[in-house]
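Would you mind keeping the following structure in view while I ask a few things?
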Amino acid sequence: MTDIDTAEENKRRFLDAFSRFAAGDVEVLREILRADFLSHTPGAPAGRDAWIEFIVNSPIAGAQLDLQHVIADAEFVVAHYGLIPIDTPPEDVVDIWRFEDGLIVEHWDVSRPSVPVS
């Protein structure tokens, strides 16, 4: 498989998981994250199951996710989206996901309050 094929497959897997998660399917995280998954988000726990629990209890659970951009290469998928939680102000988010053998093994993110477009 070429790097381009791997990038397209990682992007496809990410988009499928993102759309399922955005529709409320939290279990998709168990399918796409490797057991030893590591998030570099401050305060986030290590390991797939602990991170899923962290996400389920965060504002992202139940929020509207408005995907704007997705960029992929053979190892990373970068997603930019609007996060519109139920009880907190909207945010703009960029997530970086590192894949190995079709599973996500690492995650980084940055977010900021959304700025209305005039």
Side-chain angles (χ1 to χ4, degrees):
M1 184 177 278
T2 70
D3 283 353
I4 292 172
D5 294 336
T6 302
E8 287 302 314
E9 178 61 17
N10 288 344
K11 184 176 180 179
R12 184 198 64 74
R13 290 179 59 78
F14 168 79
L15 288 170
D16 175 64
F18 187 91
S19 67
R20 288 175 57 193
F21 179 80
D25 180 3
V26 176
E27 288 305 308
V28 69
L29 297 175
R30 293 189 199 295
E31 297 171 23
I32 193 78
L33 302 176
R34 201 166 70 182
D36 63 346
F37 168 79
L38 176 62
S39 178
H40 299 279
T41 301
R48 178 186 62 209
D49 295 337
W51 192 77
I52 291 170
E53 186 67 25
F54 173 76
I55 290 300
V56 166
N57 292 305
S58 75
I60 197 168
Q64 178 183 335
L65 305 176
D66 183 19
L67 189 61
Q68 299 293 314
H69 305 96
V70 178
I71 302 166
D73 69 15
E75 189 175 7
F76 295 94
V77 173
V78 179
H80 164 233
Y81 58 95
L83 171 66
I84 307 163
I86 296 167
D87 296 330
T88 58
E91 297 179 34
D92 295 320
V93 179
V94 174
D95 282 323
I96 303 169
W97 306 95
R98 187 170 71 82
F99 280 74
E100 277 185 15
D101 301 321
L103 295 175
I104 296 171
V105 295
E106 251 179 312
H107 166 257
W108 298 260
D109 64 71
V110 294
S111 64
R112 66 173 189 152
S114 291
V115 177
V117 178
S118 39

Notebook entry, point to check: Under 4.5 Å between side-chain heavy atoms, hopping through other hydrophobics if needed: is there a path connecting F18 to V26?
Noted result: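 Linked within one cluster.
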Next item on the list: Heavy atoms only: give me the nearest G43-F54 pair and the separation to one decimal.
Entry: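 Looking at all heavy atoms of both residues, the shortest contact is O-CE1, 3.9 Å.
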Margin query: Let me confirm one number: the CD1-CD1 distance from I55 to I60, rounded to the nearest 0.5 Å.
Written below: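 That separation rounds to 5.5 Å.
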Margin query: Between V70 and L15, does the side-chain contact (heavy atoms from CB on, under 4.5 Å) criterion hold? Intermediate values first, please.
Written below: CA-CA 9 Å; V70 178; L15 288 170; 3.8 Å; yes
Note to self: Restricting to non-hydrogen atoms, name the atom on E75 and the atom on R98 that form the minimum distance, rounded to 0.1 Å.
What the structure shows: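 Scanning both residues completely, I find the closest heavy atoms to be OE2-CD, 3.2 Å.
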Checklist line | Spacing of CG belonging to D73 relative to CG belonging to N10, to within rounding of 0.5 Å | finding: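 Answer for the CG-CG pair, D73 versus N10, is 8.5 Å.
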Margin query: Looking at T88 and P85, would you say the former's side chain and the latter's main chain have a donor-acceptor pair under 3.5 Å?
Written below: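 No; judged by distance alone, with no hydrogens or angles, the pair does not exist.
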Notebook entry, point to check: V28, L33: one ILVMFWY side-chain cluster at the under-4.5 Å cut-off?
Noted result: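 Per the 4.5 Å side-chain linkage, V28 and L33 are co-clustered.
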Notebook entry, point to check: Given the side-chain rings of W51 and F37, with only the six-membered ring counted for Trp, is the space between their centroids under 6.0 Å?
Noted result: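 W51 vs F37: aromatic centres under 6.0 Å.
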Check: Is the gap between the ring centers of F99 and F14 under 6.0 Å?
Finding: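 No - the distance between ring centres of F99 and F14 does not fall below the 6.0 Å cut-off.
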Next item on the list: Go through the side-chain N and O atoms of D3 and T6 and say whether any donor and acceptor fall under 3.5 Å apart.
Entry: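 Absent: no donor and acceptor within the cut-off.
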Notebook entry, point to check: Where does the angle between the aromatic ring planes of H40 and W108 fall among parallel (under 30°), tilted (30 to 60°) and perpendicular (over 60°)?
Noted result: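 H40 vs W108 ring planes: parallel.
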Note to self: Do V78 and I104 land in one hydrophobic cluster if side-chain heavy atoms of ILVMFWY residues count as linked below 4.5 Å?
What the structure shows: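 No: no chain of side-chain contacts under 4.5 Å links V78 to I104.
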Note to self: Under the criterion side-chain contact (heavy atoms from CB on, under 4.5 Å), I'd like the reasoning laid out for R20 against E31: C-alpha separation, chi angles, the key distance, then a yes or no.
What the structure shows: CA-CA 11 Å; R20 288 175 57 193; E31 297 171 23; 3.0 Å; yes
Notebook entry, point to check: Are there more than 12 heavy atoms of other residues, nucleotides or ligands under 6.0 Å from atom CG of D5?
Noted result: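 Buried by this count: over 12 neighbours within 6.0 Å.
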Next item on the list: Verify the distance criterion only: is there a donor paired with an acceptor across the side chains of H80 and D92 at less than 3.5 Å?
Entry: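 D92 and H80 do not have a side-chain donor-acceptor pair below 3.5 Å.
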Checklist line | Residues E9, R12; criterion salt bridge (charged side-chain N to carboxylate O under 4.0 Å, His left out); working and verdict | finding: CA-CA 5 Å; E9 178 61 17; R12 184 198 64 74; 2.6 Å; yes
Check: Among side-chain atoms of Q68 and D66, is any donor-acceptor pair under 3.5 angstrom?
Finding: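 Checked: Q68/D66 side chains pair up, N/O donor to acceptor below 3.5 Å.
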Item checked: Verify same cluster id: I71, Y81 (apolar side-chain graph, 4.5 Å) ->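 Shared cluster, no.
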Next item on the list: Keeping the roles fixed (side chain from R13, backbone from G102), state whether a donor-acceptor pair exists under 3.5 Å.
Entry: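 Yes, R13 side chain to G102 backbone: donor-acceptor pair under 3.5 Å.
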Notebook entry, point to check: Less than 4.0 Å between a side-chain N and a carboxylate O, is that true for D49 and R30?
Noted result: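 Looking at D49 together with R30, the answer is yes, because their closest N to O distance falls below 4.0 Å.
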Check: At what distance, to the nearest 0.5 angstrom, does NZ of K11 lie from CG of D16?
Finding: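 Reported value, rounded in 0.5 Å steps: 14.0 Å.
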Margin query: Any donor-acceptor pair under 3.5 Å linking the side-chain atoms of E91 with those of S111?
Written below: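 S111 vs E91: donor-acceptor pair found between side chains.
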Notebook entry, point to check: By side chain to side chain contact (heavy atoms under 4.5 Å, CB included), which residues pair with E53, not counting sequence neighbours?
Noted result: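 E53: side chain to side chain contact (heavy atoms under 4.5 Å, CB included) contacts with N57.
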Note to self: Nearest 0.5 angstrom please: D95 CG to T41 OG1, how far?
What the structure shows: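 Spacing of CG (D95) from OG1 (T41) equals 7.5 Å.
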Note to self: Run the side-chain contact (heavy atoms from CB on, under 4.5 Å) test on L65 and L83 for me, step by step, so that the C-alpha distance in whole Å, both residues' side-chain angles and the decisive distance to 0.1 Å come before the verdict.
What the structure shows: CA-CA 5 Å; L65 305 176; L83 171 66; 3.4 Å; yes
Notebook entry, point to check: Would you find more than 12 non-hydrogen atoms of other residues, nucleotides or ligands less than 6.0 Å from L67 atom CG?
Noted result: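 Yes, enclosed.
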Check: In the single-linkage hydrophobic clustering (I, L, V, M, F, W, Y; side-chain heavy atoms under 4.5 Å), do F21 and I84 co-cluster?
Finding: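 The answer is no; the residues belong to distinct hydrophobic clusters.
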Checklist line | Derivation of the side-chain contact (heavy atoms from CB on, under 4.5 Å) call for D109 and I96 | finding: CA-CA 6 Å; D109 64 71; I96 303 169; over 6 Å; no
